[in-house]
Amino acid sequence: MSRYDFSSIEKKWRDHWQANPIQDENSDKPTHYCLDMFPYPSGEGLHVGHWRGYVLSDVLSRYKILQGYHVLHPMGWDAFGLPAENHAIEHGIHPAVNTAENIRTIKRQLKEIGAVYDWDREINTTDPAYYKWTQWIFVQMFKKGLAYEKDMPLNWCPKCKTVLANEEALGGECERCKSGVTKKMLRQWMLKITAYADRLLADLENLDWPEKVKKMQADWIGKSYGAELDFEVENSDQKIRVFTTRPDTLYGATFMVMAPEHPLVARLVSAEQAEAVKDYVQRAASRSSVDRMSDKEKTGVFLGCYAINPLDRDMKMPIWISDYVLADYGTGAIMCVPAHDERDFEFAKKFDLYIRQVIIAEGEDANKPLEEVYTNDGLMINSGRFNGMNNRQALEEISQEAEKMGIGKQTTNFKLRDWVFSRQRYWGEPIPIIHCPTCGIVPVPEDQLPVLLPDVESYLPTDTGESPLAAVTEWVNTTCPTCGIAAKRETNTMPTWAGSSWYFLRYADPHNDEQLAGSEALKKWLPVDYYVGGVEHAVLHLLYARFYTKFLYDIGAVEFEEPFVKLFNQGMITRHGRKMSKSIGNGISPDDIISQYGCDALRLYELFVGPPAMDSDWDDSGIEGVFRYLTRTRKLFNQYKDNTIEATPEMTRLRHLFIKDISQRLDNLTMNTVVSGFMEHTSTLTDLAKKAGGIDAETMDALTIMLAPFAPHLAEELWQMRGNKDTVFANEWPKYDESQIKSDTLNLAIQVNGRLRGQLTVDANASKEDVLSQAKTELAKWLDGMQIVKEIYVPGKIVNIVVKQ
RNA sequence: GCCCGAGUGGCGGAAUUGGUAGACGCCCGGGACUUAAAAUCCCGUGGGUUUCGACCCGUGCCGGUUCGAGUCCGGCCUCGGGCACCA
């Protein structure tokens, strides 16, 4: 038997499904929405690493179809973004042209995977009919005060020449080009995602998502509980407000540090220190965040003035500025407790500031000098009437005390910052805003949406912080929709995340031009039941999409608060241990694999390569194994398709075991072991068939149906080979009966003192005494001359005889 | 520094959650078929000792619990990932 002719089989069924879809669009079955994170249509096309998630979601979709669901499994394009724009800059070709070309390639590739994508629902974020609604959402946010303009120091990527959101500038590096990010003072559009911080955090709890992703989001939102406290400044009527999570350490606050950008710095600085402070502030402003973070040692300058510790008014706290205090977290100023905070300790050591210990480990000598920072819990010392109290309790009581004194209140703080939403680039949705000299900021009226992205002469970004759109004067100059006088359009565009923050809604009703999606369609399909994609979007796309959904819920546009019920992150496929990419030259094109082995084999290997949630290394010869399996299965059906016999007891038992193993493993998403299961059980079936001279119809049916989600082309072929006229997907997933799996005999391991000494086959109904006496006969040579201490029998598993000399 | 993962044959990985470690596959070796090769099929394949019946040792390291530990507990080591001055 030679290798099976996959190419004609696969072509035949692809064409057949195109003409005869396996699902009825008007079905009234219960619905299931299985979604892939839609791709950016990169010029590199897809490599086999991308396919891992797509195969997984396709298998799950087909499984759901066989379980009687009407499944929505759509695909589309997240097509705004820098690569297309950079390509345009280099070649002078409009990004839309290049993007369309890339989409054609990837769409062809996706069709060859044999996926059940519903191409009638294809969406493209750069389509004006789509981004009309992206802009509409922005206008709604503006109306609710959630989109606002602000001057602030922002992450600026000098290479991409645009501002970046905090989420795009992790570790001070541009998410796209890895350049060091600098700060630039610019007037930018912001989205008030912080207004949703509490809900975004609280609702994580109920999501069926990987714990890792939930934790990453929770950390990113970063809620902390503490108090805001006001400190008087000596010889001044100014007060400095700080945020602290440790009010219990208030007696140990011996100095204070403010961010260099803090508005009070200029007012408080003494004449003697003015020069030094000015230098420091300027230097801090000019340094990139990478620079600032790479500092090994703390830096700072004394302001020349003192704050007063409210609980110990004799304690004069020198006020410093330092860039280790962040201007945009808390109040931009901190009380420093060097004895109990590592950073404050380091700062105090560097500048020789007073350290006062206020918490001590239980049982420790209070007079022993503090040698290193103590951050654990303990008992209060040097803290007036709180001495001897547990510090956790002191935290409560000192907070209350501060509140009573009118100098503080309990509060919470978030690490999450508002979302910098404008980009100084061409290839994005224009922000639908008009600047009018008399009316100010006016949103484009909804009936005038979309604001079309105009053509430009040059796509080059500028250094001025202005988008290339600013040069298109005939587009920029418009009239105010409110008062009608000459006005100018906003020239910034939206970040690429804008379109992807709500696309999953659009698939439900992709051609609606009245609403972003009709409520009937939304009710039918949403929220997404199963979302499959890479972990790299843990705090970007997934957080933004949750925010958008909550906002749309608040304005009544959708009826659910969380977009994705269940999330699965597939692992990366590497080659020689490295991520596949064109620049490294280790990418493997699915096109080549398909022409050599067919897409069913590729699908199976994508699953067999390793546990779906873990990274796996692509092995060129590994696919041989699954290909051989498909060949053997084809051969088996060729041989026995007409030899249907009565099921032998062994065959019946195998069928139930086969169904159980595949079903359970599939439900657990351990796809690699599903493939193992197919191989193992099909091999057993082959042996049984040889012995019996045929296979029963029910077993052949079950195998074919179970194979269908994994190798749909071959399964459909096998189904047809046996004379069936309908599609294999019209069947129901086969069921198993546990009682049919039980065998008449049990194979037991027998041990002496926990060491394996043999095997025993016993009747399944044998009594404990019976089994033990058989085992002892078998173990005679090990028990001879020994005293039996204990006899253990775990039914169906093991016998262990414990002996001693 | 902090927070997650993960360490099992030559390799990718299984192990029904405390019960026969190494399923399934790759690679490799032997055989059948063939003029030959490819393809296919069968057998072998953790290490060691061996009187060929079997016996020792083996899941990163050290210790513990248990009749029994890859799995549970305590302490380390290594690798991968995430966050990183958030007061």
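FYI, side chains are in, hydrogens and waters are out, and symmetry mates aren't considered; it's all heavy atoms of this structure. In what follows, chains carry the letters A, B, and so on, assigned in the order in which the sequence lines appear, proteins first and then strands, with residues in each chain numbered from 1. Being a predicted model, the structure only gives us computed values, none of them experimental.
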All N/O contacts under 3.5 Å from nucleotides 16-21 of chain B to the protein, with atom names and distances to one decimal?
residue: rU20(B); atom: O2; partner: Gln759(A); partner atom: NE2; Å: 3.0

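- Going from the P atom of rA23(B) to that of rG47(B) covers 13 Å, rounded to whole Å.
- Across all strands, Ser224(A) comes closer than 4.0 Å only to sugar-phosphate atoms, never to a base (heavy-atom distances).
- Shown here are the side-chain contact (heavy atoms from CB on, under 4.5 Å) partners of Lys768(A), two or more places apart in sequence or in another chain: Leu772(A), Tyr793(A).
- Between the side chains of Thr299(A) and Tyr324(A), no donor-acceptor pair of N or O atoms lies under 3.5 Å.
- Annotated as anti: rG63(B), whose O4'-C1'-N torsion sits more than 90° from 0.
- Among rC67(B), rA87(B), rC41(B), the nucleotide with an atom closest to any side-chain atom of Arg632(A) is rC41(B).
- Among residues two or more places apart in sequence or in another chain, the side-chain contact (heavy atoms from CB on, under 4.5 Å) test is passed with Ser7(A) by Asp5(A).
- Taking the C1' atoms as reference points, rU78(B) lies 10 Å from rC61(B), given to the whole Å.
- When each of Phe347(A), Tyr354(A), Phe351(A) is tested with Phe255(A) by the rule ring pair (Phe, Tyr, Trp, His ring centres under 6.0 Å), just one qualifies, namely Phe347(A).
- Going from the C1' atom of rG19(B) to that of rU66(B) covers 12 Å, rounded to whole Å.
- One can place CD of Gln639(A) at 13 Å from C1' of rU40(B), the figure rounded to the nearest angstrom.
- Taking atom P on both rC76(B) and rG1(B), the two are 14 Å apart, rounded to the nearest angstrom.
- Using the six-membered ring where Trp is involved, Phe658(A) and Phe678(A) have ring planes that are perpendicular, over 60° apart on the 30 and 60° scheme.
- Rounded to whole Å, the distance from CG on Asp219(A) to P on rG5(B) is 13 Å.
- By the side-chain hydrogen bond (donor to acceptor under 3.5 Å, both in side chains) test, Arg755(A) pairs with no residue at all, sequence neighbours left out.
- No donor-acceptor pair under 3.5 Å is formed between the side chain of Arg757(A) and the backbone N or O of Val752(A).
- Residue whose closest nucleotide on RNA chain B sits further toward the 5' end, between Arg757(A) and Tyr329(A): Arg757(A).
- Closest contact between the side chain of Trp220(A) and the listed nucleotides rC83(B), rC24(B), rC57(B) involves rC83(B).
- Close to rC67(B), at under 4.0 Å from its OP1 or OP2, lies a side-chain N or O of Lys790(A).
- Protein atom CZ of Phe347(A) is 16 Å distant from nucleotide atom P of rC85(B), rounded to whole Å.
- Between Gly332(A) and Glu624(A), the one whose closest nucleotide on RNA chain B sits nearer the 5' end is Glu624(A).
- Remark: the separation of the P atoms in rG5(B) and rG9(B) is 23 Å, to the nearest Å.
- Comparing rG7(B) with rA15(B), their P atoms sit 12 Å apart, to the nearest whole Å.
- Taking the six-membered ring for Trp and the full ring otherwise, Tyr736(A) and His656(A) have centroids separated by 6.0 Å or more.
- In this structure, the CZ atom of Arg634(A) is 15 Å from the C1' atom of rU40(B), given to the nearest Å.
- Stem list for RNA chain B (at least 3 consecutive Watson-Crick or G-U pairs, distances under 3.5 Å): B:1-7 with B:77-83, B:10-12 with B:24-26, B:28-32 with B:40-44, B:46-49 with B:54-57, B:60-64 with B:72-76.
- When every heavy atom of Arg52(A) is checked against every heavy atom of Met614(A), the shortest pair comes out as NH1-O, 2.7 Å.
- rU17(B) adopts a syn glycosidic conformation, its chi angle falling within 90° of 0.
- rA21(B) sits 14 Å from rU16(B) when the P atoms are compared, rounded to a whole Å.
- Scanning both residues, Pro318(A) and Thr254(A), for their nearest heavy atoms gives CD-O, 3.4 Å.
- Ring to ring, Tyr605(A) and Tyr597(A) are not that close: their centroids are 6.0 angstrom or more apart.
- For the P atom pair drawn from rU71(B) and rG18(B), the interatomic distance equals 11 Å after rounding to whole Å.
- One atom, CD1 of Ile750(A), and another, P of rG68(B), lie 18 Å apart when rounded to the nearest Å.
- Contact between Ala307(A) and Phe231(A) at its shortest, heavy atoms only, is CB-CB, 4.2 Å.
- Counting only N and O atoms by type, the side chains of Ser739(A) and Asp737(A) include a donor and acceptor under 3.5 Å apart.
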Could you go over nucleotides 11-14 of chain B and give all protein N or O partners under 3.5 Å, atom names and distances?
residue: rG12(B); atom: O2'; partner: Val609(A); partner atom: O; Å: 2.9
residue: rG13(B); atom: O3'; partner: Asn672(A); partner atom: ND2; Å: 3.4
residue: rA14(B); atom: OP1; partner: Asn672(A); partner atom: ND2; Å: 3.0

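- The nearest whole Å value for the distance from the CZ atom in Phe345(A) to the P atom in rC85(B) is 20 Å.
- Atom P of nucleotide rA87(B) and atom CE of Met258(A) are separated by 19 Å, given to the nearest angstrom.
- Lys415(A) comes within contact range of at least one nucleobase, with a heavy-atom separation under 4.0 Å.
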Test log, rule side chain to side chain contact (heavy atoms under 4.5 Å, CB included), inputs Ile321(A) and Phe302(A): CA-CA 6 Å; Ile321(A) 56 170; Phe302(A) 179 41; over 6 Å; no
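- If you measure from atom NZ of Lys223(A) to atom C1' of rA87(B), you get 18 Å, rounded to the nearest angstrom.
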